[in-house]
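A quick write-up on the structure given underneath.
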Amino acid sequence: MTKRPLAILSAMPEEMTSLGGALDPAGDATIAGFHFRHGRIDGQPVVLAEAGVGKVAAGLVSSLLLDHFNCGAVIFSGVAGRLDDELAIGDIVIGDELIQHDYGALTGDSLKLYRPGIPPIGGPRDQPAFRLEPRLRQAVAEAIADLRLPAFAAGGAGANGAPDRAVRVRLGRILTGDQFINSVATRDRLVREFKGQAVEMEGAALAQVCERFGVPCLVVRCLSDRAGEDSHLDFAAFLAEAANLAAIVVRRLIPVVAAV
Ligand code: SAH
């Protein structure tokens, strides 16, 4: 296990409830109004923080976790909107590729994507996706292959299609942008343009920061809504259980990330 602590980050308090409860606390600190708790989870040194919603907040808090608290990797635990209709509310997507879907150059109605950090004007366009490092990807794929999770109770037939359907855990493409997607038209455009599995508001910002610091970044999201016209209602109804399920997966992956 790495000696440097692992950073565990969420956007909202609901997303940190379960991991916060698993923390054997050793102390805390407040910087710029953000609260950091350090201690151990299952013996592994960790620092927990809630960033609030959006890319700037995630970038700011992850920078502090990496620079001030010298964390060796960042894991995000939280919820996301569904993009892939093979998945259901309650399923888990782990970021294999993370894309900031709102970073680029707007010409007419279409956004030409650039890699965040590269000026979005002319020039060569690098790959816009931040990718999970192959060794960590392999270790995570092996760990999730035999992961058994509780059924998603709150979803029932409405969210999952079949009430007894087992929760799926997938590596996939996660889109990040500074909007809560509560729109069928925008969701359909994102699916058309990116073919992602999930959409959220922090993951690829975190990946950008982690790349600069040269540390791994693992984003674990449980689907709380379908990013469509009902997403505000589904999000509110399923947030607590989805957040808890993401945290169960994160807890299982803590030793995997620490060992890579
Ligand atoms: N607290 C607000 C909503 C938070 S925004 C409220 O109560 O209405 C949604 C949060 O969950 C973000 O942190 C984002 O990462 C994730 N998320 C869940 N569903 C999403 C969606 N449909 N679009 C974008 N982000 C989503």
Side-chain angles (χ1 to χ4, degrees), residues 7-20 34 48-62 74-85 87-95 97-103 111 116 130 152 154-155 158-160 170 172-210 217-247 249-250:
I8 303 184
L9 186 62
S10 291
M12 295 166 289
E14 293 87 345
E15 293 173 320
M16 195 47 91
T17 309
S18 156
L19 290 162
F34 294 100
L48 309 186
E50 287 158 32
V53 172
K55 294 193 303 179
V56 173
L60 194 167
V61 174
S62 55
V74 181
I75 307 178
F76 191 100
S77 185
V79 303
R82 178 193 80 162
L83 293 178
D84 182 343
D85 62 16
L87 298 177
I89 290 175
D91 286 342
I92 306 273
V93 180
I94 299 176
E97 293 185 309
L98 295 148
I99 296 177
Q100 291 182 25
H101 68 77
D102 58 357
Y103 186 87
L111 180 69
F130 297 94
F152 194 73
N160 274 334
R170 291 284 157 82
R173 180 178 296 160
I174 296 179
L175 309 185
T176 301
D178 272 323
Q179 301 110 21
F180 179 73
I181 308 300
N182 204 167
S183 152
V184 172
T186 301
R187 180 196 62 201
D188 290 351
R189 177 180 61 79
L190 292 174
V191 171
R192 215 171 37 245
E193 291 179 2
F194 301 104
K195 300 180 184 54
Q197 274 64 54
V199 62
E200 38 87 308
M201 303 177 67
E202 297 84 19
L206 201 64
Q208 184 183 353
V209 171
C210 287
C217 163
L218 191 71
V219 177
V220 177
R221 297 280 184 170
C222 182
L223 303 177
S224 56
D225 58 83
R226 300 182 194 83
E229 63 185 5
D230 293 333
S231 61
H232 60 306
L233 302 174
D234 287 340
F235 173 84
F238 301 130
L239 169 63
E241 190 178 357
N244 183 51
L245 209 50
V249 175
V250 165

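Residue numbers start at 1 and run along the sequence shown. Just follow the structure's listing: the first ligand is 1, and inside any ligand the first atom is 1.
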Kindly indicate, with the supporting measurements, whether the criterion side chain to side chain contact (heavy atoms under 4.5 Å, CB included) is fulfilled by Arg187 and Leu190.
CA-CA 5 Å; Arg187 180 196 62 201; Leu190 292 174; 5.7 Å; no
Starting from [atom], which protein heavy atom do you reach first, and at what distance in Å?
atom: atom 23 (N) of ligand 1; value: Ile181 N, 2.9 Å
atom: atom 16 (C) of ligand 1; value: Val79 O, 3.4 Å
atom: atom 22 (N) of ligand 1; value: Asp225 OD1, 2.9 Å
atom: atom 2 (C) of ligand 1; value: Phe235 CE2, 4.1 Å
atom: atom 15 (O) of ligand 1; value: Glu202 OE1, 2.6 Å
atom: atom 10 (C) of ligand 1; value: Met12 CE, 3.6 Å

Within this structure, what is the [atom1]-[atom2] distance for the pair [X] and [Y], rounded to the nearest 0.5 Å?
X: Leu83; Y: His101; atom1: CG; atom2: NE2; answer: 8.5 Å
X: Leu245; Y: Ile92; atom1: CG; atom2: CD1; answer: 4.0 Å
X: Glu229; Y: Ile181; atom1: CD; atom2: CD1; answer: 14.5 Å

How far apart are the C-alpha atoms of Asp84 and Arg170, what are their side-chain angles, what is the distance that settles it, and do they pass the salt bridge (Lys or Arg N to Asp or Glu O under 4.0 Å) test?
CA-CA 11 Å; Asp84 182 343; Arg170 291 284 157 82; 6.0 Å; no
Salt bridge (Lys or Arg N to Asp or Glu O under 4.0 Å) assessment of Lys195 paired with Glu97
CA-CA 11 Å; Lys195 300 180 184 54; Glu97 293 185 309; over 6 Å; no
Would Arg226 count as a contact residue for ligand 1, given that I'm defining contact as a non-hydrogen atom of the residue lying under 4.0 Å from a ligand atom?
no
Per-atom contacts of ligand 1 with [X], taking only distances under 4.0 Å to non-hydrogen atoms:
X: Ala227; value: 22 (N)
X: Gln179; value: 24 (C)
X: Ala80; value: 17 (N), 18 (C), 19 (N)

Specify side chain, backbone, both or neither for [X], according to which of its non-hydrogen atoms lie closer than 4.0 Å to ligand 1.
X: Ser224; result: side chain
X: Ala11; result: side chain
X: Arg221; result: side chain

Would you indicate whether the side-chain heavy atoms of Thr17 and Asn244 approach each other to under 4.5 Å?
no
Could you say whether the N/O atoms of Phe180 and ligand 1 ever approach to under 3.5 Å?
no
Within the structure, does Met201 bring an N/O atom to less than 3.5 angstrom of an N/O atom in ligand 1?
yes
Would Thr176 and Glu200 count as a side chain to side chain contact (heavy atoms under 4.5 Å, CB included) if you check the C-alpha gap in whole Å, the side-chain angles of each, and the deciding distance to 0.1 Å?
CA-CA 5 Å; Thr176 301; Glu200 38 87 308; 2.8 Å; yes
For Leu223 and Ala88 the tightest heavy-atom approach is CD1-O, 3.6 Å
Least distance between heavy atoms, Ala58 atom then Glu202 atom
CB-CB, 3.7 Å
